[in-house]
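Below you'll find the structure, written out as structure tokens, and then a few comments.
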Protein chains: 2
Amino acid sequence: MVSDPEARFQHLVEKVRQRGGRLTPQRVAILRILAASKGHPSVEQIYEQIQDDFPTTGIATIYKTVALLKEMGEVLELGFADGSNRYDGNRPTPHPHLICTRCGEIQDLDVPGLDEFLAQALVQISPETDYAIHSHRLDLYGVCQKCRAAGSRDSPAE
Amino acid sequence: MVSDPEARFQHLVEKVRQRGGRLTPQRVAILRILAASKGHPSVEQIYEQIQDDFPTTGIATIYKTVALLKEMGEVLELGFADGSNRYDGNRPTPHPHLICTRCGEIQDLDVPGLDEFLAQALVQISPETDYAIHSHRLDLYGVCQKCRAAGSRDSPAE
DNA sequence: CTTCATGCAAAACATTTGCAGCTGG
DNA sequence: CCAGCTGCAAATGTTTTGCATGAAG
């Protein structure tokens, strides 16, 4: 279901190139992290990871690159009420997420039949509301196994 | 589908009272606005509205009251990637929203069969992921009639 | 009277912006 | 070369916090 990180990385590189964007070492490193990440990192987390390879990288550079990818539709942005944003660089098309409200873990999810269900629902909804729908978001919130075992208190995302 | 504003207001008042919270004039005004609002106001918008009745009210008071209601599960919070949060004080239970990505308008939505669909999907998902799911969020993003007519550029929420 | 809430201002964050200097192509 | 990117610092915007004063119950 999730594309091969290397292939995805190559795809991102190609997209940026096509757009006339430069492939600086920092930018390439960001693309690599996003393409490989399974955990829907925040900008802060990307920033920390990149320190290993390019310790001088400023956080503004991460923001700028993520904004570029967002604009190109190559990254999916998930915003939360506490102000934290997380990014999915593997699958930029809307897809459901499973989110632990204790530790903040975010997993991709497959809900069989979701797209069909939504498509069918839209047939009824669109005429009535007169919206041109182009995207969606489905989150399921819960508590993951680890957190239930630990038995602590709530806190992060949503 | 949306409860009577007055009834909802009474309900909120009662809940706050039960919890041992005080019913100051400012707080009552906030409850009234939230109970009546159809447009999923931001804190800022509540703040502006309340100036008519209580011009000295500080915005921190709004934040505190909204946090109280959130903690009691009497308001639904919708967070967006641009940092803006919007609140639904009518229907605190998760339900789908239709969101215009140009003007930021948020409408409640009925997707017939959604709850059944999700419930059935969870039967398959839960065992496999081992999450205890307690909530969800479904947004549909599009462009509303007015904005399409105006034909401007994108910008706000998501 | 005794909390708890208010309202102000300061602090805390996350994100954006401006700009001089650097560098990929 | 030179347009676009970097990295720093300052600016912005939102939400939280601390605390003295005030009022609900």
Side-chain angles (χ1 to χ4, degrees), chain A residues 12-33 40-48 50-51 53-72 75 77-87 104 155-158, chain B residues 12-33 40-48 50-51 53-72 75 77-87 104 155-158:
Chain A
L12 291 179
V13 166
E14 191 47 36
K15 283 287 178 182
V16 170
R17 197 197 310 278
Q18 279 171 22
R19 196 186 179 282
R22 282 186 192 160
L23 291 166
T24 64
Q26 296 91 329
R27 189 172 274 185
V28 170
I30 296 168
L31 297 188
R32 200 183 293 284
I33 290 170
H40 304 76
S42 63
V43 164
E44 191 65 33
Q45 288 166 335
I46 299 173
Y47 179 63
E48 282 161 20
I50 214 174
Q51 297 305 307
D53 299 301
F54 300 93
T56 67
T57 309
I59 201 161
T61 298
I62 321 279
Y63 277 106
K64 285 165 187 165
T65 298
V66 166
L68 175 73
L69 293 173
K70 206 189 337 176
E71 180 206 306
M72 298 193 303
V75 84
E77 185 177 48
L78 295 176
F80 295 97
D82 67 350
S84 63
N85 286 345
R86 308 276 294 261
Y87 299 89
S155 68
E158 203 85 335
Chain B
L12 290 179
V13 166
E14 192 47 36
K15 283 286 179 181
V16 170
R17 197 197 310 277
Q18 279 171 20
R19 195 186 179 281
R22 281 183 191 163
L23 292 165
T24 64
Q26 295 92 328
R27 189 170 275 185
V28 169
I30 296 168
L31 298 187
R32 199 182 294 281
I33 289 170
H40 305 76
S42 64
V43 163
E44 191 66 32
Q45 288 166 336
I46 299 172
Y47 178 64
E48 282 160 21
I50 215 174
Q51 298 305 308
D53 300 302
F54 300 93
T56 67
T57 310
I59 200 162
T61 299
I62 321 279
Y63 276 105
K64 285 164 186 167
T65 298
V66 167
L68 176 73
L69 293 173
K70 203 188 343 174
E71 180 206 305
M72 299 193 305
V75 84
E77 185 178 47
L78 294 177
F80 295 97
D82 68 348
S84 64
N85 286 344
R86 308 276 295 263
Y87 299 90
S155 69
E158 203 84 339

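Only a predicted model underlies this, so the values are computations on that prediction, with no experimental measurement involved. Residue numbers start from 1 in every chain, and the chains themselves are labelled A, B, ... in the order their sequence lines are given, proteins ahead of strands.
- When the side-chain contact (heavy atoms from CB on, under 4.5 Å) test is applied to A/Glu44, the partners found at least two apart in sequence or on another chain are A/Ser42, A/Tyr47, A/Glu48, A/Ile59.
- Counting all heavy atoms, side chain and backbone alike, B/His40 lies closest to B/Gln45 at O-OE1, 4.2 Å.
- We find that CZ of A/Arg27 is positioned 14 Å from C1' of C/dC22, with the value rounded to whole Å.
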* Structure fact -> Each nucleotide of nucleotides 20-25 of chain D classed B (base within 4.0 Å of a protein heavy atom), S (only sugar-phosphate) or -, in 5' to 3' order, makes ---BBS

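- Nearest heavy atom pair, residue A/Phe80 against residue B/Asn85, reads O-OD1, 4.3 Å.
- Of all the heavy atoms in A/Gln26 and A/Ile50, the pair that sits closest is O-CD1, 3.7 Å.
- Residues B/Val75 and B/Val66 come closest through the heavy atom pair CG1-O, 4.1 Å.
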* To do: List the steps, then state whether side chain to side chain contact (heavy atoms under 4.5 Å, CB included) holds for A/Val13 with A/Leu23.
  => CA-CA 8 Å; A/Val13 166; A/Leu23 291 166; 3.7 Å; yes

* Structure fact -> Its contact letters, B for base, S for sugar-phosphate only and - for none at protein heavy atoms under 4.0 Å, make nucleotides 7-19 of chain C read BB-----SBBBB-

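- In this structure, the CD atom of B/Glu71 is 13 Å from the P atom of C/dC4, given to the nearest Å.
- Atom-to-atom, CD of A/Gln18 to C1' of C/dG25 comes out at 17 Å; the value is rounded to the nearest Å.
- The main-chain N or O of A/Leu68 is never found under 3.5 Å from a side-chain atom of A/Arg19 such that the two would form a donor-acceptor pair.
- Here the side chains of B/Met72 and B/Val16 are in contact, with some heavy-atom distance below 4.5 Å.
- The interatomic distance linking B/Ile50 (CD1) with C/dT6 (C1') rounds to 11 Å, in whole Å.
- Distance CG (B/Leu68) to C1' (D/dT16): 16 Å, rounded to an integer number of Å.
- Atom CZ of B/Phe80 is separated from atom P of D/dT14 by 15 Å (rounded to the nearest Å).
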